[in-house]
Colleague: 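I am attaching a structure below and will ask some questions about it afterwards.
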Amino acid sequence: MSTDTATDVFEEHRPVLLGVAYRMLGRLADAEDVVQEAWLRWSGADRAAVREPRGYLVRITTRLAIDRLRQVKSRGETYVGPWLPEPCVTDFGDAVPDAAERAVLADSVSLAVLVVLESLSPLERAVFVLREAFGYPYAEIAAMLERGEAAVRQLAGRARKHVDERRPRYDVDPVQRRDLTERFLAAAADGDLDGLLATLAPDVRLVGDSGGRAKAPLRVLESSDKVGRFLLGVARQGVPDASFDFLELNGGPAVLVRSGGKPDSVVQVDVADGRIQAVYIIRNPHKLVSLADVVRPA
C-alpha cells in the first residue's frame, strides 16, 4: 500500500475515529491528539497484513483513548466547578440517512450522556461507545480490547445499567427544544421572570462549566426559582457586543453566544413534558476554541 493510498484510507475513516475518541474522552483536543497518534501507528504499520483497515484503526484509536483516560485518572486531576464536555459541532445530515441511526448517534454524544460516561471505568466506557454508538458486535469488541467475549458482555451490561440509572430522560424533538430555547432566552433578555419560569420545570437544574476561568456557578443550581433569578442576573449584566447563533452541538440545538465576534459561551437545554429540565452553560474559554471559526448560519 503506497503512502498516498495509506493516507486516503486513513482520511476515509477519520470521522469515525474522531467520533470514537471524542465519546471516550469528552475533549476535542484530546480526541484529535489520539487520532493523530493513531495515524502515526498506521503509517508505520505493516499495512499489507491488515485485512480490514477500519477495524484495525478503531482498535488502535480505542486503545489509545483508554490509555489517555487512565493517565488522567491516575494523575487525579481536579476541575474547578462542574465539568461538562467540550462542545462539538454535529451535523449528521445526509451522511446518516436513517433517522433511527441519527437519533442513536445524537444521544451518544449528548452532554447528559457524556457526563454520565465520565463516571465509567475506561474499559466500560470503551465497550459502551463501541457497542451503543457504533454497533460493533461483542466478538469484535472483545478482539479489539483483547478480552474474552463473556467479559465484554459483562462490561457492557454494567455500563448500560449505570447509564440507564443515571441518565435523565428527555425529549429529543429538536423543534421543541429550539422553540423553548428561544422563549427562554427572550424572557431572560427582557427581564421577564414570569415568562422565564413558564419555560422551566420546577426541579430544573443549571450546570455551568467555567473551569475557574470565567464567571459561572461553582455548584449545580436546582429549582426554577434559583435558576430563573440567576439567569435574570446574568442578563442584566449583559455581554459586551453580543451576538447569538443557533448551531447543532452534541446532537441538539444550542446557542453560541459571541462577544465582539469571539465565543463567550454555549447554552443548551434539555426538555421533557414541554418544560426545560436542564440548562447547560459552557464558559471555559479553553472549551470554546474550536467554535471560533464556526461559520454563522445564513
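Small disclaimer: the values here were computed from a predicted structure and weren't measured.
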Colleague: So that I can tick it off, tell me whether Arg183 and Asp179 are bridged by a salt bridge, with the cut-off set at under 4.0 angstrom between side-chain N and carboxylate O.
Modeller: yes
Colleague: Side-chain atoms of residues 184-208: list all donor-acceptor pairs with protein atoms under 3.5 Å, sequence neighbours left out, distances to 0.1 Å.
Modeller:
residue, atom, partner, partner atom, Å
Asp192, OD1, Asp194, N, 3.4
Asp192, OD1, Gly195, N, 2.8
Thr199, OG1, Leu196, O, 2.7

Colleague: Between Asp225 and Arg229, does at least one N-O distance fall below 4.0 Å, as a salt bridge requires?
Modeller: yes
Colleague: What's the shortest heavy-atom distance between Tyr56 and Ala45, and which atoms?
Modeller: OH-CB, 3.2 Å
Colleague: Identify the heavy atoms of Pro122 and Arg70 that sit nearest to each other, and give their distance.
Modeller: CG-CG, 3.8 Å
Colleague: Does Phe244 belong to the same Ile/Leu/Val/Met/Phe/Trp/Tyr cluster as Phe246, with side-chain heavy atoms less than 4.5 Å apart forming each link?
Modeller: yes
Colleague: Can a donor-acceptor pair be found, under 3.5 Å and without considering hydrogens, that links the side chain of Ser259 to the backbone of Lys262?
Modeller: no
Colleague: Hey, could you give me the CZ/CG distance between Arg236 and Leu231, rounded to the nearest 0.5 Å?
Modeller: 11.0 Å
Colleague: Examine Leu180 and Val175 and state if one hydrophobic cluster contains both, with Ile, Leu, Val, Met, Phe, Trp and Tyr joined whenever side-chain heavy atoms are less than 4.5 Å apart.
Modeller: no
Colleague: For the residue pair Pro253 and Arg178, what are the closest heavy atoms and their distance?
Modeller: CG-N, 4.0 Å
Colleague: How long is the straight-line distance from CZ of Arg27 back to CG of Leu114, given to the nearest 0.5 Å?
Modeller: 10.5 Å
Colleague: Any side-chain heavy atom of Glu132 within less than 4.5 Å of one from Ser108?
Modeller: no
Colleague: Starting from Leu218 and following side-chain heavy-atom contacts under 4.5 Å between hydrophobic residues (I, L, V, M, F, W, Y), which residues can be reached?
Modeller: Val80
Colleague: I need the Leu69 CG to Leu25 CG distance, nearest 0.5 Å.
Modeller: 5.0 Å
Colleague: Which atoms form the tightest heavy-atom contact between Pro87 and Ile282, and what is the distance?
Modeller: CD-CD1, 3.8 Å
Colleague: Quick one: does any side-chain atom of Arg177 pair with a main-chain N or O of Gln268 as donor and acceptor, under 3.5 Å?
Modeller: no
Colleague: With distance as the sole test, does Asp245 use its side chain to make a donor-acceptor pair with the main-chain N or O of Leu256 at under 3.5 Å?
Modeller: no
Colleague: Looking at Tyr138, I'd like to know if the NZ or CZ of Arg131 sits under 6.0 Å from its six-membered ring centre while staying within 45 degrees of the ring's axis.
Modeller: yes
Colleague: May I have the list of side-chain donor-acceptor pairs in residues 147-155 shorter than 3.5 Å, sequence neighbours left out?
Modeller:
residue, atom, partner, partner atom, Å
Arg147, NH1, Leu145, O, 3.1
Glu149, OE2, Arg153, NE, 3.4
Glu149, OE2, Arg153, NH2, 3.2

Colleague: Please confirm whether the backbone N or O of Asp273 pairs with a side-chain atom of Asp171, one donor and one acceptor, at under 3.5 Å?
Modeller: yes
Colleague: Is the shortest side-chain N to carboxylate O distance from Arg283 to Asp209 below 4.0 Å?
Modeller: no
Colleague: Hey, is Arg59 close enough to Glu140 for a salt bridge, meaning N to O under 4.0 Å?
Modeller: no
Colleague: Find out whether Phe134 and Arg23 are in side-chain contact, i.e. whether some heavy atom of one side chain is under 4.5 Å from a heavy atom of the other.
Modeller: yes
Colleague: How long is the span from the CG atom in Leu232 to the CD atom in Gln237, to the nearest 0.5 Å?
Modeller: 11.5 Å
Colleague: Determine, stepwise, if the pair Phe128 / Val116 fulfils side-chain contact (heavy atoms from CB on, under 4.5 Å).
Modeller: CA-CA 12 Å; Phe128 182 90; Val116 175; over 6 Å; no
Colleague: Please tell me if the side chains of Pro82 and Arg219 come closer than 4.5 Å, counting only heavy atoms from C-beta onward.
Modeller: no
Colleague: Can you see which heavy atom on Tyr170 is nearest to which on Ala278, and at what distance?
Modeller: OH-CB, 3.5 Å
Colleague: Main chain of Val115, side chain of Glu118: is a donor-acceptor contact present, judged purely on distance under 3.5 Å?
Modeller: no
Colleague: Under a 4.0 Å N-O cut-off, is there an ion pair linking Lys226 with Glu222?
Modeller: no
Colleague: Should Val257 and Val266 count as side-chain neighbours, where that means a heavy-atom distance under 4.5 Å?
Modeller: no
Colleague: If you define the side chain from C-beta out and look only at heavy atoms, does anything of Leu28 sit under 4.5 Å from Cys88?
Modeller: yes
Colleague: Check whether Thr61 reaches the backbone of Val58 with its side chain - one donor and one acceptor, N or O, closer than 3.5 Å.
Modeller: no
Colleague: Give me the one residue out of Arg166, Arg158, Arg160 that meets side chain to side chain donor-acceptor pair (under 3.5 Å) with His162.
Modeller: Arg166
Colleague: Given side chains that start at C-beta, do those of Tyr22 and Leu17 come closer than 4.5 Å, heavy atoms only?
Modeller: no
Colleague: Which heavy atom of Ala112 sits nearest to which heavy atom of Tyr280, and what is that distance?
Modeller: CB-OH, 3.6 Å
Colleague: Mind checking whether Thr62 and Val129 have side chains closer than 4.5 Å, heavy atoms only?
Modeller: no
Colleague: Take Asp30 and Arg68 through the test salt bridge (Lys or Arg N to Asp or Glu O under 4.0 Å) and record every step on the way to the result.
Modeller: CA-CA 8 Å; Asp30 286 352; Arg68 179 68 63 97; 3.2 Å; yes
Colleague: Can you check whether Leu84's main-chain N or O pairs, donor with acceptor, with Lys287's side chain at less than 3.5 Å?
Modeller: yes
Colleague: Can you tell me how far CG of Asp164 sits from CZ of Arg169, rounded to the nearest 0.5 angstrom?
Modeller: 5.0 Å
Colleague: Inspect the contact between Arg258 and Asp241 and indicate whether a charged nitrogen and a carboxylate oxygen are less than 4.0 angstrom apart.
Modeller: no
Colleague: Would you compute the distance between atom OG1 of Thr7 and atom CZ of Arg14 and round it to the nearest 0.5 angstrom?
Modeller: 10.0 Å
Colleague: Answer yes or no: is there a donor N or O on one side and an acceptor on the other, between the side chain of Arg47 and the main chain of Trp42, under 3.5 Å?
Modeller: yes
Colleague: For the pair Trp39 and Val35, evaluate side-chain contact (heavy atoms from CB on, under 4.5 Å) and give the outcome as yes or no after the intermediate values.
Modeller: CA-CA 6 Å; Trp39 158 249; Val35 171; 5.9 Å; no
Colleague: If you measure from the Lys or Arg side-chain nitrogens to the Asp or Glu carboxylate oxygens, is any gap between Arg54 and Glu12 under 4.0 Å?
Modeller: no
Colleague: Pro85 versus Leu111: any side-chain heavy-atom pair under 4.5 Å?
Modeller: yes
Colleague: Examine distances only and state if a side-chain atom of Glu248 and a backbone atom of Gly251 form a donor-acceptor pair shorter than 3.5 Å.
Modeller: no
